[in-house]
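Below you'll find the structure, written out as structure tokens, and then a few comments.
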Amino acid sequence: MTWDFFINYGMVAIKLVMAIGVAAIFLKFFNMNNQLKQMTPLDIILNFLLSAILSNFILDSDVTVTDFTVIVAIYGGLLYILNKFTFGTDIGRRIFVGTPRVIIDDGHFDAKMMKRWKVNARDVAAAMRQQDIHSLRDVKTAQIEPNGNLTVIKRGTYKYPVILIDNGVVVAEGLEKINRDEKWLMRQLRAHRVADADDVFIAQWDKNKMEIIKKD
């Protein structure tokens, strides 16, 4: 074996260690899938792009450490901005995470919603059986969560709390569920001596009462 062999594969080993370190950092601090949900299509695309960047750096001898550092810096910056937009704004969450979709309201199927999202009755029935619900007569409301899970409220069961502010962001679909608007929400905050939604970690409407947890 020549010195060129050791130099070439030694450089590959160094690149491999660097790639593992970068991957660990991104998975720890920048991964969008940092909440209690399944991976979204955007998560898959971003992880695929990171894998492509790392594999190209390891296997392509023309890609220098400087090139790799610049590319990773650009990727990290874009990912940071995308994370802020996705989890810091209501419209970003709607686009990249999604919102719950009500398919049964007061015991009645929403056929248009099911057709729009390509959900069939057999899949819904199977999901309800997993929750020990065997008759539609027992169902008051059912909705498909952004992660694909089915949430069911039985008749005679109190409706679950509705989140109106999530880490300073007003949740528009939450206000829609309780037939209120932002002006009403601001009046509720002032009544609780809260100046702005940005000061609220979480606010929810439960049993016709507002519950607020401030950031501080």
Side-chain angles (χ1 to χ4, degrees), residues 1-101 117-119 123 127 130 143-151 163 165-174 196-204 213-216:
M1 294 183 182
T2 63
W3 280 109
D4 289 338
F5 175 86
F6 289 106
I7 292 173
N8 290 335
Y9 284 94
M11 182 58 67
V12 170
I14 293 172
K15 286 185 171 184
L16 183 59
V17 172
M18 291 179 63
I20 292 173
V22 169
I25 292 171
F26 273 93
L27 290 174
K28 178 69 175 179
F29 298 105
F30 292 94
N31 191 21
M32 288 188 65
N33 193 34
N34 57 0
Q35 55 178 2
L36 298 176
K37 68 179 183 68
Q38 294 177 348
M39 293 186 71
T40 66
L42 182 62
D43 294 322
I44 297 173
I45 292 171
L46 292 173
N47 288 335
F48 175 80
L49 287 175
L50 179 60
S51 298
I53 292 171
L54 298 179
S55 62
N56 193 50
F57 171 63
I58 295 169
L59 299 175
D60 191 343
S61 59
D62 292 331
V63 179
T64 65
V65 173
T66 302
D67 295 332
F68 176 67
T69 303
V70 172
I71 293 171
V72 167
I74 294 172
Y75 176 85
L78 292 175
L79 186 57
Y80 176 80
I81 294 171
L82 190 57
N83 267 322
K84 285 291 186 182
F85 175 65
T86 300
F87 301 111
T89 65
D90 186 54
I91 187 172
R93 182 175 289 274
R94 284 173 176 261
I95 293 172
F96 295 118
V97 177
T99 58
R101 303 181 290 275
W117 294 101
K118 298 179 175 61
V119 178
D123 291 337
Q130 293 177 355
Q143 66 183 31
I144 300 174
E145 305 295 344
N147 63 1
N149 291 335
L150 182 70
T151 299
I163 294 177
I165 300 177
D166 181 5
N167 199 20
V169 179
V170 176
V171 182
E173 64 266 23
D196 190 77
D198 193 53
D199 299 328
V200 178
F201 177 66
I202 187 169
Q204 64 180 19
I213 299 176
K214 298 174 70 174
K215 289 183 178 179
D216 56 3

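Along the sequence shown, the residues carry numbers beginning at 1.
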> Sequence neighbours excluded, which residues qualify as side chain to side chain donor-acceptor pair (under 3.5 Å) partners of Asp123?
Replying inline: Asn120
> Which residue pairs pass the side chain to side chain donor-acceptor pair (under 3.5 Å) test with at least one member in residues 51-66, sequence neighbours excluded?
Replying inline: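 Those involving residues 51-66 are Thr64-Asp67.
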Spacing of [atom1] belonging to [X] relative to [atom2] belonging to [Y], to within rounding of 0.5 Å:
X      : Y      : atom1 : atom2 : answer
Ile53  : Ile58  : CD1   : CD1   : 12.0 Å
Asn167 : Ile213 : CG    : CD1   : 11.5 Å
Thr151 : Gln143 : OG1   : CD    : 5.5 Å
Ile202 : Asp166 : CD1   : CG    : 6.0 Å
Leu49  : Ile71  : CG    : CD1   : 12.0 Å
Leu59  : Leu54  : CG    : CG    : 10.5 Å

Measure across [X] and [Y] and return the closest heavy-atom pair with its distance rounded to 0.1 Å.
X      : Y      : result
Val171 : Ile163 : CB-O, 3.6 Å
Thr89  : Val169 : C-CG1, 3.8 Å
Arg101 : Glu145 : NH2-O, 4.4 Å
Asn47  : Tyr75  : N-OH, 4.4 Å

>> Run the salt bridge (Lys or Arg N to Asp or Glu O under 4.0 Å) test against Lys118 and tell me which residues pass, sequence neighbours left out.
In response: none
> Would you find more than 12 non-hydrogen atoms of other residues, nucleotides or ligands less than 6.0 Å from Phe201 atom CZ?
Replying inline: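 Open: at most 12 neighbouring heavy atoms sit under 6.0 Å from CZ of Phe201.
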>> Counting only heavy atoms from other residues, nucleotides and ligands, does the tally under 6.0 Å from CG of Leu16 exceed 12?
In response: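 Yes - once you tally the heavy atoms of other residues, nucleotides and ligands closer than 6.0 Å, there are more than 12.
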> Are the side chain of Lys215 and the backbone of Asp198 linked by a donor-acceptor contact shorter than 3.5 Å?
Replying inline: yes
>> In the structure I gave you, are the side-chain heavy atoms of Phe68 and Val22 within less than 4.5 Å of one another anywhere?
In response: yes
